[in-house]
Amino acid sequence: MKIYCLTLALWGATLGSTLAQDLPYQMPPRAIAALADAPATPRVSFASNGQWMLLQDVQAMPAIQDLSQPELRVAGLRINPRTNGASRVNYATNLRLRRLPEGKELLVQGLPAKARISDVQWSPDNTKVAFTHTTADHIELWIVDVASASARLIPNLFLNGIFGIPYEWVSDSKTLVAKAVVSGRGEAPNTLVTPSGPIVQENSGRTAAARTYQDLLKNSTDERLFDYYGLTQVVKVGLDGRMHPLGQPGLIQQVSTSPNGRFVLVKRRHRPYSYTLPFYSFPLRVEVMNMEGLVVKELSDQPLADNVPTSFDAVPIGPRSHGWREDAPNTVFWVEAQDGGDPKTEAAVRDRIYALPAPFDGQAQELAALPLRFQNIRWGTDKLAIVEGSRWSDRHETTWTLDLATKTSLTPLFDRSAQDTYTDPGTPFMERNALGRYVLATDANSATIYLLGAGASAEGDRPFVDELDVRTKKSARWWRSAAPYYEVPVTILDPSKHVLVTRRESPQEVPNYFLRDARTTKLTALTKFTNPYTSLGNLQKQVLKYKRADGVDLTANLYLPPNYKKEDGPLPTLMEAYPVEFKNKKDAGQVKGSPYTFTRLNWGSPVYWVTQGYAVLQGTSIPIVGEGNKEPNDTYVEQLTASAKAAIDEGQRLGVVDPKRVAVMGHSYGAFMTANLLAHTNLFKAGIARSGAYNRTLTLRVSR
């Protein structure tokens, strides 16, 4: 009898396994499926001369056949081995052109069947648009002639897309430089080969802190796969299809042409590799080639970056961040740490910026010495460049102006906390110069710049455009978004006439693009996209403002079912959040977002659940504050609990949240949050933790 029961139990387990294998994909409730299948709003880009608008119809959700493609995870990359490109791409499926301001919309003809379009770029002269098309087994390069709205293939060229965008326009708008798959490379390495020996790693006797990373190399087979799929040949490509290889193939991560189109900056990774670090820490050789493919200068050859401190603004020693000076014909620049790359080392100068013009055989010139870690440089003219630096320990950032003609020292322009969103001055607007490179838009005297800002304020985000004299630091506001709309500046078409393009939306109106005259307030509609979520009805959204027990101001977006009435009583609730670390309570309590935005549903949005009768708290503030010498993680659990409880209490006070039926969800750091809230509190009945790292022993110190 016992044998019979055991046999029956095993038979049942086997049957259950068989049924599970045959189970088809399950569909969500019809209301959620309708929202998930709603068409996405097209992507929009503008020619830099303001004469054309390009619209890209995009996939709302990837198809099952895309998700079921093979994925190879090596060296921190996720590769589709069939296409030699990235395994996760959101494609466009169609292209349309419209002449501005009120021209007829033209459907681009000659596109590939079942197009999967990505990496779209305007040519420097705006007469053409290039894009990549991913087929079942390779990536192609296509060119659109704007005037005729017609597309054609560059034949006999398979692109290598594992390191990002695999091509770049040259300044003449007649040539491109591409990263191509090496022909004749043979079959992919056999992954089933029996190892010939043990895996051996050495640290050369050094002690170094280490972070954890995903998808690293694990063995010699992974190394061979990385070599195979990373092997790239730089190719010069003409619009007539003529091709010329440049230099030797290798693991070429990046190629960038000089502004005058005479040289190519090439960044190559090479051995020895690491099993504890991703590819961007592997040894890096940086060289300059001419357009005949000859190496005219090796700028640096940096070793494996396996001894970099774990601080967020720690960097490798030696030259880094090589690039072209965009306002000069052929001058390369780079940055070098002066503190050994360790921000904890006392140093009056953290980084120095150097430059070297063609023919690259002279002594490098020092452009600037920074007391903070270099973050970015925006080139403009000989008289004006803008340099940005920061310090992570106290979230401090400084922006300087730099006069390259007179070799004057850095002059502070902005000096502020990076987390004080209310004082954020905005981002300088960049325009194309005569060589087709993006530089600071400025006046003839290189004294005026234009700032596009998010406009964070106590009443919510109100984006703006400012005109700033960098010498006197006096600014004038062209325009600012006003209720009942949320309107964002997209690009400036004519600085002298204050003409710009904006994207405007409201809780009931889907984002659309407008031509705005900031002087006359005249507004001309450029698009008329319709609401894809009509099946949802009149979605109820409210921005909540409330306080944590310690007085920190918090916010959250509250969504309620379309037909909900307060007399319906409290609802089961889903709370979504992502913790953010701050160095002071003032910055932590600043208002986030705007009450006038249109709700867009991406694949991971919690808002779908309002269709099932849930209240949703989305974007819930979870600040983790560490003031002075204290670290945010010193009281992580206590602050996490206090923030979550404050959100639930506010929803209960409004009569819409049932505190006995609340679930919490988050991604990455939000997943870590979810695990801790479920483990350390009784506030939640369930949790959804997506793709999180739960071992934070290097940073988390709690008293429990």
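Here the structure is a predicted model, which is why all the values come from computation and not from measurement. Residue indices begin at 1 and follow the sequence shown.
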Rounded to the nearest 0.5 Å, what's the gap from [atom1] on [X] to [atom2] on [Y]? Could you check?
| X | Y | atom1 | atom2 | answer |
| --- | --- | --- | --- | --- |
| Thr442 | Asp327 | OG1 | CG | 11.5 Å |
| Met665 | Thr620 | CE | OG1 | 10.5 Å |
| Leu153 | Glu140 | CG | CD | 5.0 Å |
| Ser87 | Leu67 | OG | CG | 10.0 Å |
| Leu100 | Gln51 | CG | CD | 9.0 Å |
| Ile79 | Phe163 | CD1 | CZ | 7.5 Å |

Is the closest side-chain heavy-atom distance between [X] and [Y] below 4.5 Å?
| X | Y | answer |
| --- | --- | --- |
| Phe279 | Leu251 | no |
| Ser535 | Leu35 | yes |
| Tyr559 | Thr599 | yes |
| Asp145 | Thr127 | no |
| Tyr486 | Pro511 | no |
| Leu451 | Pro428 | yes |
| Val144 | Val120 | no |
| Tyr228 | Arg185 | yes |

message: Is the ring pair Trp478/His498 parallel, tilted or perpendicular, if the boundaries are 30 and 60 degrees?
response: parallel

message: One pair to check against side-chain contact (heavy atoms from CB on, under 4.5 Å): Phe46 and Trp122. What are the steps and the verdict?
response: CA-CA 9 Å; Phe46 295 87; Trp122 289 88; 6.0 Å; no

Val499 and Leu515: CA distance, side-chain angles, deciding distance, side-chain contact (heavy atoms from CB on, under 4.5 Å) verdict: CA-CA 7 Å; Val499 176; Leu515 189 66; 3.9 Å; yes

Do you know the tightest heavy-atom contact between [X] and [Y]?
| X | Y | result |
| --- | --- | --- |
| Ile139 | Gly85 | CD1-CA, 3.7 Å |
| Ser123 | Ser173 | CB-OG, 3.9 Å |
| Thr132 | Pro166 | CG2-CG, 4.0 Å |
| Ile252 | Lys179 | O-CD, 3.8 Å |
| Val58 | Ala40 | CG2-CB, 3.6 Å |
| Val264 | Trp324 | C-CZ2, 4.1 Å |

task: Go through the steps for Trp169 and Lys128 under the test side-chain contact (heavy atoms from CB on, under 4.5 Å), then give the verdict.
output: CA-CA 10 Å; Trp169 283 101; Lys128 300 170 186 67; 4.0 Å; yes

Please check if the side chain of [X] supplies one atom and the backbone of [Y] the other of a donor-acceptor pair under 3.5 Å.
| X | Y | answer |
| --- | --- | --- |
| His667 | Arg690 | yes |
| Glu505 | Val510 | no |
| Gln233 | Leu246 | yes |
| Glu576 | Gly619 | yes |
| Tyr167 | Asp119 | yes |
| Asp424 | Gly453 | no |
| Thr257 | Gly261 | no |
| Arg152 | Gly110 | no |
| Trp609 | Leu574 | no |
| Ser171 | Gly436 | no |

- request: Determine whether more than 12 heavy atoms belonging to other residues, nucleotides or ligands lie under 6.0 Å from atom OH of Tyr614.
  value: no

- prompt: Is atom CG of Asn563 surrounded by more than 12 heavy atoms (other residues, nucleotides or ligands) closer than 6.0 Å?
  reply: no

Side chains of [Y] and [X]: any donor to acceptor distance under 3.5 Å?
| X | Y | value |
| --- | --- | --- |
| Lys592 | Thr421 | no |
| His133 | Trp142 | no |
| Asn126 | Ser48 | yes |

side-chain contact (heavy atoms from CB on, under 4.5 Å) assessment of Trp52 paired with Val129: CA-CA 11 Å; Trp52 290 93; Val129 174; over 6 Å; no

Salt bridge [X]-[Y], side-chain N to carboxylate O under 4.0 Å:
| X | Y | value |
| --- | --- | --- |
| Glu326 | Arg378 | no |
| Asp57 | Arg96 | yes |
| Asp172 | Lys174 | no |
| Lys522 | Asp517 | no |

With Glu487, the side-chain hydrogen bond (donor to acceptor under 3.5 Å, both in side chains) member among Arg516, Arg462, Arg504, Arg480: Arg516

- prompt: Going through the distances and angles, do Asn512 and Thr527 end up as a side chain to side chain donor-acceptor pair (under 3.5 Å)?
  reply: CA-CA 6 Å; Asn512 269 292; Thr527 62; 2.7 Å; yes

